[in-house]
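Remarks on the structure that follows.
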Amino acid sequence: MAESRDPQSPAQPAGPPPPGTWVLGRIRGIRLTMRFTWLPVAMLLAFGFSAVIGQQFPEIGVWRYAAAFAFVVAFTVSILIHELAHALMALRFGIGVSEINLGFFAAGTHIEGERKRPFEEFAVSVVGPIASLIVGGLAYLGARAVDDGVGYIALWQLAVANLIVGVTNLLPGLPLDGGWVLRALVWKITGNMHTGTIAAAWGGRILAGLVLALPVILERVFGREPSIIDFLIAMAVGLFLYMGATAQLMNARLRNKLPTLQVRTMARRAIAVHSHTPLSEAIRMAGTAHAGAIVVIDGDGKPHALVSEAAVTAVAENQRPWTTVSELSTRIAAGHIIGVNDTGEEILATIREHPASEYLVLDAAGSVYGVLATADIERAFRNR
């Protein structure tokens with residue numbers, strides 16, 4: 001199953017749950033949600049399984065629908081066990097987990113932040129498929145114990161389903177769990193996490209190509225003529241794997257650039273003016289000082305607001321002498337202050353948690369160093 005990417009307790013979800021989900025509750029503080037699409041898919045699967053039960057046990061009549069739906073619920077619980085295994089292992093390492101989102105084809109555990117060591121990556125990733133294999137094994141033993149009847153069929157199908165989930169997720173390619181396992185192994189061997197990500201992402205792309213070619217391979221090797229459904233399933237799964245692997249590959253390349261990004265080199269020089277200063281005068285002062293930003297200070301000389309570039313350009317030149325900087329300024333929030341020595345990961349963390357177009361940059365002594373614009377960060381990314 002998929003994971004999305006360091007506190008001792010689980011991170012609390014920021015804001016409401018995603019659209020199209022039910023909130024089922026919390027487990028160990030982790031929000032548990034389910035997609036609305038679960039119900040129609042569950043009913044469709046239950047209807048299909050009820051036909052199998054009806055063929056073998058016609059005497060149970062309409063109860064076959066209840067039995068089939070119970071099987072679907074049991075399979076959903078097994079998916080939850082898979083995701084809980086990821087989440088609880090992450091919590092064991094002090095890694096925050098905000099949410100488990102259930103669905104038949106795209107369940108996910110939202111894990112906050114990166115693993116710090118290859119072993120943590122390996123353990124958190126491999127435990128989900130292992131949990132599925134254990135559930136499958138227990139279901140198989142249950143089927144052997146029952147040995148006949150509806151219960152036997154349901155337990156046997158549950159064993160097969162979990163075996164497929166466990167084995168499939170161990171395949172060595174992102175975004176599958178096996179891809180993160182491969183990343184951990186390459187990370188351990190090379191000592192470079194990003195090298196592991198690139199290797200696992202290419203593994204996912206190769207798997208995607210094999211899945212897309214699977215109907216043809218089955219025909220050539222086993223003489224089985226593929227149906228249109230085989231091609232559609234292969235295309236859906238192959239594209240899912242390819243897009244997930246490509247997204248992780250892009251993310252790895254992006255993160256390789258992060259260490260080269262520094263606030264000190266990207267920040268614009270700023271001038272400090274009082275709130276009653278006319279905009280035209282502030283622009284003249286900025287030009288003289290070769291500055292690219294305007295910081296508004298209070299009576300004690302402390303910065304309290306910024307004048308954005310967009311706000312300046314929105315004022316016509318003939319209006320600038322009659323417009324004060326206070327009319328255009330935006331108060332500086334606590335999250336919109338960034339240190340001059342911050343680098344890539346710290347910059348991105350600030351932008352994610354406190355989105356803004358510009359940030360006040362302070363030096364180590366707490367004095368104004370300049371202003372960092374998100375447009376300059378984007379430009380730096382493009383040029384590297």
Side-chain angles (χ1 to χ4, degrees), residues 1-2 17-27 30-87 99-109 128-129 131-169 211 214-215 224 226-237 240:
M1 297 295 167
T21 59
W22 291 303
V23 177
L24 304 181
R26 288 183 182 274
I27 300 176
I30 304 167
R31 184 168 65 189
L32 178 61
T33 60
M34 176 181 282
R35 293 180 180 87
F36 291 164
T37 54
W38 179 88
L39 185 57
V41 174
M43 294 177 67
L44 184 64
L45 292 177
F47 182 77
F49 189 50
S50 69
V52 176
I53 296 175
Q55 286 177 353
Q56 299 194 35
F57 305 97
E59 67 277 6
I60 70 171
V62 296
W63 285 103
R64 68 180 185 271
Y65 296 109
F69 194 76
F71 162 76
V72 171
V73 172
F75 180 60
T76 303
V77 172
S78 71
I79 293 175
L80 174 59
I81 292 171
H82 177 114
E83 298 303 332
L84 267 176
H86 287 308
E99 183 175 326
I100 294 174
N101 186 243
L102 292 176
F104 276 109
F105 306 116
T109 301
S132 292
L133 293 175
I134 291 173
V135 171
L138 292 174
Y140 170 75
L141 293 176
R144 291 287 300 271
V146 173
D147 199 38
D148 197 10
V150 176
Y152 169 80
I153 293 179
L155 287 168
W156 176 258
Q157 293 294 334
L158 187 63
V160 171
N162 276 277
L163 177 64
I164 292 172
V165 169
V167 171
T168 301
N169 272 277
V211 169
L214 191 58
R224 178 184 177 275
S227 67
I228 186 65
I229 299 298
D230 294 327
F231 282 107
L232 290 175
I233 293 174
M235 182 174 294
V237 175
F240 166 76

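Smallest separation of non-hydrogen atoms from R31 and E99: NH2-OE1, 2.8 Å. Across A154 and F49, no two heavy atoms sit closer than the pair CA-CZ, 4.1 Å. Here the shortest heavy-atom pairing between A68 and A46 reads CB-O, 3.1 Å. Between S227 and D230, the shortest heavy-atom contact is N-OD2, 2.9 Å. The minimum heavy-atom distance linking G166 with P129 is given by the pair O-CB, 3.6 Å.
Here CD1 of I228 is found 11.0 Å from CD1 of I233. Values are rounded to the nearest 0.5 Å. Rounding to the nearest 0.5 Å gives a distance of 7.5 Å between CG of L84 and OG1 of T109. Note that CD1 of I81 and CG of N162 are 8.0 Å apart. Values are rounded to the nearest 0.5 Å. Distance check: I100 CD1 to H82 NE2 gives 10.5 Å after rounding to the nearest 0.5 Å. Taking CH2 from W38 and CD1 from I79, the interatomic distance works out to 10.0 Å, rounded to the nearest 0.5 Å. Atom CD1 in I164 sits 11.5 Å away from atom OG in S132 (nearest 0.5 Å).
I153 places a side-chain heavy atom less than 4.5 Å from the side chain of F57. Between Y140 and R144 the shortest side-chain heavy-atom distance falls below 4.5 Å. You'll find the side chain of L32 stays beyond 4.5 Å of the side chain of I30, heavy atoms only. A 4.5 Å side-chain heavy-atom check between L39 and W22 finds at least one atom pair inside the cut-off. Looking at heavy atoms from C-beta onward, T76 lies in side-chain contact with M34 at the 4.5 angstrom threshold. Two residues are said to be in side-chain contact when any heavy atoms from C-beta on lie closer than 4.5 Å; L133 and V167 meet this criterion. Within the 4.5 Å cutoff, the side chain of F71 has no heavy atoms near those of the V150 side chain.
The number of heavy-atom neighbours closer than 6.0 Å to CZ of F47, taken from other residues, nucleotides and ligands shown, is 12 or below.
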Let me have the donor-acceptor pairs involving side chains of residues 58-67, under 3.5 Å, with sequence neighbours excluded, atom names and distances please.
{"residue": "R64", "atom": "NH1", "partner": "G61", "partner atom": "O", "Å": "3.2"}

